[in-house]
2 protein chains.
Amino acid sequence: MVTIKDIAKHAGVSVATVSYVLNNTRYVSPQRRERVLQAVEELNYVPNAVARGLRARNTKTLGLVLSDITNPFFPDLAKGCEDAAQAAGFSLVMLNTNEQRERIINAVLQIREGKVDGLIIASAVKQDLGILQELVLEGYPIVLAHRRIQDLQVDSVVADNFQGVTSAVRYFISLGHTRIAMFTGVDETSVNMERKEGFIKAMTDAGLPIRQEWMCNTLGDYQLAYNASANLMRLPWEERPTAVVCMNDMVALGVMDAVEDRGYQVPADMAVIGFDDLFFAGTQRIQLTSVRIPRYEIGQQAARLIIDRIQRTKTMEPMEIVLPTQLVVRKTSGDGIYR
Amino acid sequence: MVTIKDIAKHAGVSVATVSYVLNNTRYVSPQRRERVLQAVEELNYVPNAVARGLRARNTKTLGLVLSDITNPFFPDLAKGCEDAAQAAGFSLVMLNTNEQRERIINAVLQIREGKVDGLIIASAVKQDLGILQELVLEGYPIVLAHRRIQDLQVDSVVADNFQGVTSAVRYFISLGHTRIAMFTGVDETSVNMERKEGFIKAMTDAGLPIRQEWMCNTLGDYQLAYNASANLMRLPWEERPTAVVCMNDMVALGVMDAVEDRGYQVPADMAVIGFDDLFFAGTQRIQLTSVRIPRYEIGQQAARLIIDRIQRTKTMEPMEIVLPTQLVVRKTSGDGIYR
DNA sequence: TTAGAAAATTTAAACGGTTAAATATTATCT
DNA sequence: AGATAATATTTAACCGTTTAAATTTTCTAA
């Protein structure tokens, strides 16, 4: 390994001079500068980031904590993070928690060890409050992405779930639906709460009743959604909803499959709107109407925010960025209610 | 920040003693050991990984170079890497190249800077040979995953594409097909070459002709596949293939959509087999027959291999791990040819 | 009791950079 | 020319660990 000393020796100058040339941090006479640059070239020298990091007390690395990169929601968010990080000269380490406690503790360790300068947390659940609170108190830079946590004073970047679900409900109402169900997701997440509450508000605002038996908890899972939907379809028409807002696109797919497997049609017998607008929603044979979440932008902004926070010396109030959602209308929401 | 010095002072011992206790690398008397542990506890001390890394000349970090985490092929592979890395106490940094030259150069820089101890490269193309060759020559640990490069003497973990495509072709033949097309992918990749050559070999072995107009290059893209497929369907029946092997599941989807949009049926008018077995292939409304690639395992083995390589002092011959594929039969391949 | 060996602990030199402070060099002014 | 100021360069401390070597302490046996 070639070090700064080798360069200094080879160029006949001190290590300080080499450092100054490389970082452009002091004037160095053209002759010496040239000799240094030449030595760097000849020996193919690259400064060691670890040594640099030790001195500078940073690593130019961010940690992205998510539950599971295999969940198709996350890759876009991760990419947004990475692109923003890259643009600022940071790298991104991926920390899958698999929703395991042990794994989130490991993630937190990374910042305490100084392996990363900050943490972007996209998998926050209520139970993490304690751990994270502690981290924040100790002054470590943290930003919540996608999911936030009540009572945690920290930067966050989330989608406007309230607006998203409202637009879905209003769209159904505009088509004449009055019996609208909601298939909810994982209870402990802010995302679920916001969408659920938004649904209730939008329905109430429109003077429509909330039927408890139409509020199905699916944990965001395809199979559970399938089962719940199949049950719903067993009810007589008057007892069934005519439309359903789903927590995510997987759930929507479960609903659609169950409806059709029981011999009914989407959207005629059941209109469906999903959430997230995953790539398959747009495919020819699915054509799922879905509320688009700006996943890439969430990741991007989160990374920018935390980098800003890391580089800024002065502390500032935690800020919350809320990005708009968009209802992407396709076939599964139908043209209106009939029968 | 609390350092080892603080612990030493607090416990009334030298920093060496603290280090020995923490790393269990020398005998320390029980009394002192206890005092040290207590100080660690009280001050909530976590050793700094950067300092440790500088001394040890490693970072316990791996770099995963891929073209785009947003491509649904990669998350599983990435997860395999991360799980294996985690299990060995390593972290994983994600390096999306977006197929841009600049980005791959950045990835290579990471290892030269000492930010990562090794590179898992899942996006290798022929053009990278030079850069990678240099790296290998300099003794940096590298492993190719999924895609390999001709003439690069380095560890690799890939799927048995040859076997995969052969099983697809044989399956079609067993159903009575003789006119089989292939929709190929990105030319420069080993994966494409192997699948293409495998196809040709399997067809030739069965005494079936290869028709150039049925070898369509789609670059692995849905839209290009759609167009190519639509063109094929415009031909009279005798001029058309009755079955097609697709480079990946997105291509298969493009084919299916085009076939159906032109009023034909899959599999009756065109039987389809995809590659990769992405999650949507298994859904009710797609039911795509596909050659399953052990993506997670590829990532896992690749990470294990490189960690092994990093930790081993002796050099050893580069090894190649080839993992088996599996034809997952669903609806789109049909029950046999008819008309 | 004490020399010598063994065991426990500490000192100090790395690791590879950055940078404040000290020093050397050059320029400026009387 | 000599004093002073300005500029260029180097020295050395520091970042937080690990660990070989030096030192101190304890143990063993004559």
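Computed over heavy atoms, backbone and side chain alike; hydrogens, waters and symmetry mates excluded. Worth saying up front: this structure is predicted, and the values here are computed from it rather than measured. So you know, we letter chains A, B, ... as the sequences are listed, proteins then strands, and number each from 1.
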Checking all strands, does [X] fall into the base, sugar-phosphate, or nothing category for heavy-atom contacts under 4.0 angstrom?
| X | value |
| --- | --- |
| R55(A) | base |
| V13(B) | sugar-phosphate |
| R26(A) | base |

Looking at [options], which one has an atom nearest to any side-chain atom of [X]?
| X | options | value |
| --- | --- | --- |
| Y20(B) | dA21(D), dT9(D), dC15(C) | dA21(D) |
| A16(A) | dT11(D), dT9(C), dG16(D) | dT11(D) |
| M1(B) | dT17(D), dC15(C), dG16(D) | dG16(D) |
| V28(B) | dT17(D), dT9(C), dA8(C) | dT9(C) |
| S19(A) | dT18(C), dA8(C), dT17(D) | dT18(C) |
| S29(A) | dA8(D), dT18(D), dC15(D) | dA8(D) |

Nearest-angstrom distance from the residue atom [atom1] of [X] to [atom2] of [N]:
| X | N | atom1 | atom2 | value |
| --- | --- | --- | --- | --- |
| K9(B) | dG16(D) | NZ | C1' | 14 Å |
| N58(B) | dG16(C) | CG | P | 12 Å |
| K60(A) | dT18(C) | NZ | P | 13 Å |
| I4(A) | dT11(D) | CD1 | P | 14 Å |
| K5(B) | dT18(D) | NZ | P | 13 Å |
| L54(A) | dT17(D) | CG | P | 9 Å |
| Q31(A) | dT25(C) | CD | P | 15 Å |
| R52(A) | dC15(C) | CZ | P | 19 Å |

- [ ] Report yes or no: is the cationic atom of R112(A) (NZ for Lys, CZ for Arg) closer than 6.0 Å to the six-membered ring centre of Y140(A), at no more than 45° off its axis?
- [x]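 Here R112(A) fails the 6.0 Å and 45° test against Y140(A).
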Consider only side-chain N and O atoms of [X] and [Y], and report whether a donor and an acceptor are under 3.5 Å apart.
| X | Y | value |
| --- | --- | --- |
| R147(B) | N192(B) | no |
| K115(A) | T59(B) | no |
| N23(B) | S19(B) | yes |
| N48(A) | R57(B) | no |

Task: Terminal axis angle for the helix from dT1(C)-dA30(D) to dT30(C)-dA1(D), five pairs an end, nearest 10 degrees - done: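 The end-segment axes of the helix from dT1(C)-dA30(D) to dT30(C)-dA1(D) are tilted 60° relative to each other.
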Task: Phosphate OP1/OP2 of dT18(C): any N23(A) side-chain N/O under 4.0 Å - done: yes
TODO: Taking all heavy atoms of A302(A) and all of A145(A), pick out the closest pair and write down the distance.
DONE: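 Closest approach of A302(A) to A145(A): CB-CB, 4.0 Å.
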Open item on the list: Less than 4.0 angstrom from a charged side-chain N to a carboxylate O is my criterion; do R103(A) and D83(B) meet it?
Closed with: yes
Task: Ion pair K60(B)/D117(B), N-O distance below 4.0 Å - done: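 A salt bridge is absent here (no side-chain N lies under 4.0 Å from a carboxylate O).
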Task: Position toward the 5' end of DNA chain D (nearest nucleotide), V50(B) or T17(B) - done: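 Going by which nucleotide is closer to the 5' end, it is V50(B).
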Task: Residue closer to the 5' end of DNA chain C, V18(A) versus Y27(B) (nearest nucleotide) - done: Y27(B)
